[in-house]
Q: 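Let me give you the structure first, and then I'll get to my questions.
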Amino acid sequence: DEGLPRYGSAGLHRSRDVGAGAISPYYDRKATTIDSVPAGAELFVDYGPEYFSSRRKWRHVPLKQDYEEAYKFLMNFDEVYKDHLSGSDNSTAANITKEEFWSNMRHQFVASNMKRVANALPETLHDAELAIEKGGLKHILQEIKSPEWFKKNGKCIDNIRPQPSTIAQAGRGAIATRVISKGDIVISAPLIHIPRGRDIFKMYAQNKTDENGDYVRGDSESAIHVGYQLMMNYAFGHPESSMLLTPYGPGAAMINHNYARANVRLQWSDPNHEWYYKPIEWLEKDDLAGAQLMLDFVATKDIEPGEEVFLDYGESWQKAWDNYVQSCSLPEDSKDWVSASEMNKVADESYKILRTTKEQQIDPYPSNVEMWCYYNIPLLTEGSPVTASWEPSEAMPRNHPCEIVSREDNGESTSYTINVLEQKSHLGGYGNKKKLPGIPKGCSLTVSGMPREAIKFVDQRYSSDIFLPGAFRHEIVVPDNIWPEAWKNLPSAELR
């Protein structure tokens with residue numbers, strides 16, 4: 001089960017640090033096991049049913065309900081087979097082997113347009129009987145790799161750990177956990193290839209707020225390119241290519257640039273992969289089998305425990321950073337800017353007692369933050385105000401924008417009466433409007449008795465550091481000697 005990441009600026013502040021907005025504020029996301037996992041088993045997480053059902057090429061991947069249906073059939077299979085034998089008048093059908101009957105039943109699921117259920121069933125009778133014996137499908141779906149397999153194919157992911165970097169403006173860095181000898185692989189980075197990444201990562205000043213407070217999209221002619229998404233800083237690329245490669249997995253994204261102290265270099269995990277010889281147009285095809293590329297970070301010298309791991313991001317990256325440091329100007333009014341995450345960290349000391357809306361008129365909170373409350377909203381009707389009392393809920397409550405109407409203190413504890421605010425729409429993926437948390441327009445909900453721990457500060461949309469106009473953006477440059485020639489689809493710098 002994957003938990004939520006922690007959030008913080010790693011000590012960088014927009015009033016003094018040019019690195020503000022250039023690093024991800026999300027870190028330290030932990031995954032915990034929800035069942036015992038034997039050594040050698042692969043780890044899986046549930047992405048939710050929409051992950052497969054929304055993708056046509058994976059529409060036949062079994063979902064939770066398909067495994068449940070398959071398991072019910074599995075546990076009744078012996079009875080079904082016996083009924084088939086006893087009820088058959090045809091000698092050929094009566095003499096069908098159990099293995100053949102199992103195969104036929106799987107094919108019937110496919111013919112009945114139940115391909116996901118068929119794919120959830122074991123392919124062989126042997127595996128089906130093993131699942132019945134073990135009491136579930138997971139026992140046969142879980143392939144165990146041997147120690148010999150790992151020695152041949154495995155990659156260590158615990159050679160480094162995240163920690164504050166030893167260099168200024170870098171935020172968090174990668175620190176060696178053990179002695180890493182020269183020539184050893186420090187970490188490997190699986191890559192998602194984005195053939196037109198330089199266009200995909202562009203950001204435009206085309207969202208504007210209308211008179212109702214909703215975010216609407218301007219027309220295409222008013223779309224002004226204002227920068228790149230933060231992912232650009234973590235992607236690998238080449239000046240003569242539109243291709244960007246974004247890493248996923250633990251550790252690699254924490255390795256910072258330092259030309260003078262670089263102690264790792266890049267190499268392809270598979271030096272002969274066929275994709276290196278395919279043009280960008282071919283790599284744009286939708287039917288490619290997922291992420292297949294991976295880069296290794298190889299130690300160029302012995303690295304001691306506690307030593308930070310550095311990579312040379314390339315001459316063009318260094319030049320871009322030097323120019324940025326010389327020319328950037330700090331945002332106006334940044335001196336008094338405080339992030340919501342920092343306010344929540346010191347909630348018990350500095351914000352234990354929250355101000356009501358009326359009190360904030362005299363002593364306001366920073367203009368970039370707003371209050372949100374944890375509460376499961378009941379069914380509301382437009383024009384019919386609802387008043388409710390806060391109660392703990394077993395279901396995970398959602399977070400909604402709110403305002404504090406009053407504060408009540410009974411001598412032992414302090415609680416609040418709040419109004420949940422209306423929803424404000426914003427542009428989601430592919431230009432579709434999505435609703436943010438809150439109550440529908442025209443409705444009213446007042447909740448009394450809300451405890452302090454159910455209220456938190458949240459940064460207003462597009463106000464956090466990663467949205468700072470002009471924040472530093474540049475991909476990590478892969479050396480020319482390993483970047484595939486077939487991917488070079490842009491003119492060189494000399495010809496631009």
Side-chain angles (χ1 to χ4, degrees), residues 18-19 21-24 165 167 169-171 173-174 185-203 227-249 251-271 273 275-276 279-280 283 291 293-301 308-328 470-496:
V18 295
I23 67 166
S24 172
S165 178
I167 58 176
Q169 306 300 323
I185 295 175
V186 176
I187 193 77
S188 295
L191 304 164
I192 299 173
H193 70 286
I194 308 177
R196 304 289 176 180
R198 295 186 187 279
D199 291 328
I200 295 295
F201 285 169
K202 282 183 178 179
M203 293 172 59
Y228 289 91
Q229 298 177 41
L230 178 61
M231 182 58 74
M232 174 71 84
N233 287 0
Y234 296 92
F236 298 92
H238 188 279
E240 297 176 29
S241 178
S242 65
M243 171 79 85
L244 290 177
L245 306 167
T246 58
Y248 66 96
M254 295 292 176
I255 298 178
N256 289 315
H257 165 77
N258 192 310
Y259 171 78
R261 296 167 60 188
N263 48 17
V264 295
R265 61 174 177 83
L266 296 174
Q267 71 175 23
W268 293 108
S269 294
D270 179 359
H273 199 288
W275 285 13
Y276 306 150
I280 295 296
L283 292 165
L293 303 176
M294 185 157 60
L295 280 170
D296 294 333
F297 292 73
V298 182
T300 57
K301 58 184 73 174
E308 185 165 1
V309 177
F310 291 109
L311 173 71
D312 179 6
Y313 284 8
E315 183 179 347
S316 61
W317 189 98
Q318 184 65 60
K319 184 177 180 180
W321 173 254
D322 292 339
N323 290 339
Y324 176 78
V325 172
Q326 292 296 321
S327 61
C328 78
F472 179 75
R473 298 287 185 267
H474 201 286
E475 76 277 16
I476 301 169
V477 180
V478 176
D480 192 66
N481 64 332
I482 67 169
W483 188 263
E485 286 292 327
W487 298 355
K488 294 182 179 179
N489 61 337
L490 300 178
S492 63
E494 292 79 9
L495 298 178
R496 293 176 196 171

Q: So which heavy atom on Leu191 is nearest to which on Ala291, and how close?
A: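 Reported closest heavy-atom pair: O-CB, 3.3 Å.
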Q: When rounded to the nearest 0.5 angstrom, what is the spacing between CZ in Phe236 and CG in Leu293?
A: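 Rounded to the nearest 0.5 Å, the CZ-CG separation comes out at 12.0 Å.
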Q: Is it true that a side-chain atom of Ser241 and a backbone atom of Asn489 form a donor plus acceptor pair closer than 3.5 Å?
A: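 Not a single qualifying donor-acceptor pair exists.
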Q: Could you pull out all residues at least two apart from Arg196 that satisfy salt bridge (Lys or Arg N to Asp or Glu O under 4.0 Å)?
A: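 Here the qualifying residues are Glu281, Glu284.
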Q: Taking the side chain as every heavy atom from C-beta outward, state whether Met243 and His193 have any pair of such atoms under 4.5 Å apart.
A: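 Yes, close enough: below the 4.5 Å cut-off.
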Q: Please name the pair of heavy atoms, one in Gly21 and one in Ala471, separated by the smallest distance, quoted to 0.1 Å.
A: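 Distance-wise, the nearest heavy atoms are O-CB, 3.9 Å.
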Q: Please enumerate all residues that pass side chain to side chain contact (heavy atoms under 4.5 Å, CB included) together with Val477, with sequence neighbours excluded.
A: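 Val477 satisfies side chain to side chain contact (heavy atoms under 4.5 Å, CB included) with Pro239, Ser316, His474 once adjacent residues are dropped.
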Q: Quick one: which residue pairs count as a salt bridge (charged side-chain N to carboxylate O under 4.0 Å, His left out) with a foot in residues 312-325, not counting sequence neighbours?
A: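 As it turns out, there is no salt bridge (charged side-chain N to carboxylate O under 4.0 Å, His left out) pair with a partner in residues 312-325 once direct neighbours are skipped.
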Q: Identify the heavy atoms of Ser242 and Ile280 that sit nearest to each other, and give their distance.
A: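 Between these two residues, the closest heavy atoms are OG-CG2, 4.0 Å.
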Q: What pairs meet the salt bridge (charged side-chain N to carboxylate O under 4.0 Å, His left out) rule with one or both residues in residues 476-486, with sequence neighbours excluded?
A: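 For residues 476-486, and leaving out neighbouring residues, the salt bridge (charged side-chain N to carboxylate O under 4.0 Å, His left out) pairs sorted by first residue read Asp480-Lys488, Glu485-Lys488.
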Q: Are Leu230 and Ser24 side-chain neighbours, meaning at least one heavy-atom pair lies under 4.5 Å?
A: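 Answer yes - side chains close enough.
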Q: For Tyr228, what residues pass the ring-ring contact (aromatic ring centres under 6.0 Å, His included) criterion, not counting sequence neighbours?
A: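 Expected list: His225.
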Q: Using modelled atom types only, decide if a donor and an acceptor are shared between the side chain of Gln169 and the backbone of Val18 within a distance under 3.5 Å.
A: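 Pair found, side chain donor or acceptor close to backbone of Val18.
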Q: Any non-hydrogen side-chain atom of Phe297 less than 4.5 Å from a side-chain atom of Asn263?
A: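 They are not in contact (no side-chain heavy atoms under 4.5 Å apart), so the answer is no.
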Q: List for me each residue that meets side chain to side chain donor-acceptor pair (under 3.5 Å) alongside Arg198, sequence neighbours excluded, and say none if there are none.
A: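 In terms of side chain to side chain donor-acceptor pair (under 3.5 Å), with neighbours along the sequence ignored, Arg198 is linked to Glu475.
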Q: Using 0.5 Å steps for rounding, measure from the CD1 atom of Ile194 to the CG atom of Asp199.
A: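 Spacing of CD1 (Ile194) from CG (Asp199) equals 11.5 Å.
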Q: Identify, with sequence neighbours excluded, every residue that meets side chain to side chain contact (heavy atoms under 4.5 Å, CB included) alongside Gln229.
A: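 By the side chain to side chain contact (heavy atoms under 4.5 Å, CB included) rule, Gln229 matches Phe201, Met203.
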Q: To the nearest 0.5 Å, what is the distance between CD1 on Ile482 and CG on Leu295?
A: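 With rounding to 0.5 Å, CD1 (Ile482) is 6.0 Å from CG (Leu295).
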Q: Could you check whether the rings of Trp268 and Trp487 sit parallel, tilted or perpendicular, using 30° and 60° as the cut-offs?
A: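 Taking Trp487 first and then Trp268, their aromatic rings stand perpendicular (interplane angle over 60°).
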Q: Identify the heavy atoms of Leu311 and Ala262 that sit nearest to each other, and give their distance.
A: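 Where Leu311 meets Ala262 most closely, the heavy atoms are C-CB, 4.2 Å.
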Q: Sequence neighbours excluded, which residues qualify as side chain to side chain donor-acceptor pair (under 3.5 Å) partners of Thr246?
A: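 Checked Thr246 against side chain to side chain donor-acceptor pair (under 3.5 Å); zero matches.
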Q: If you look at every heavy atom in Asn256 and Ala170, which pair is closest and at what distance?
A: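 Here Asn256 and Ala170 meet closest at ND2-CB, 3.6 Å.
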Q: Mind checking what makes side chain to side chain contact (heavy atoms under 4.5 Å, CB included) contact with Ser269, not counting sequence neighbours?
A: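 Partners of Ser269 under the side chain to side chain contact (heavy atoms under 4.5 Å, CB included) test: Lys155, Ser188, Met294, Asp296.
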Q: Tell me whether the count of non-hydrogen atoms from other residues, nucleotides or ligands lying under 6.0 Å of OH in Tyr259 goes above 12.
A: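 No - once you tally the heavy atoms of other residues, nucleotides and ligands closer than 6.0 Å, there are 12 at most.
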Q: Restricting to salt bridge (Lys or Arg N to Asp or Glu O under 4.0 Å), what partner residues turn up for Lys301, sequence neighbours left out?
A: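 Scan of Lys301 (salt bridge (Lys or Arg N to Asp or Glu O under 4.0 Å), adjacent residues dropped) gives none.
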Q: Sequence neighbours excluded, which residues qualify as ring-ring contact (aromatic ring centres under 6.0 Å, His included) partners of Tyr313?
A: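 Only His257, Trp317 meet the ring-ring contact (aromatic ring centres under 6.0 Å, His included) criterion with Tyr313.
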Q: Identify the two heavy atoms, one from Gly251 and one from Ala174, that lie closest to each other, and give their separation to 0.1 Å.
A: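 Looking at all heavy atoms of both residues, the closest pair is O-CB, 4.5 Å.
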Q: Is any side-chain heavy atom of Asn323 closer than 4.5 Å to a side-chain heavy atom of Phe472?
A: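 In short, these two side chains do not touch, never coming nearer than 4.5 Å.
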Q: Residues in side chain to side chain contact (heavy atoms under 4.5 Å, CB included) with Arg261, at least two apart?
A: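 Counting only residues at least two positions away or on another chain, Arg261 forms a side chain to side chain contact (heavy atoms under 4.5 Å, CB included) with Thr166, Ile167, Asn258, Phe310.
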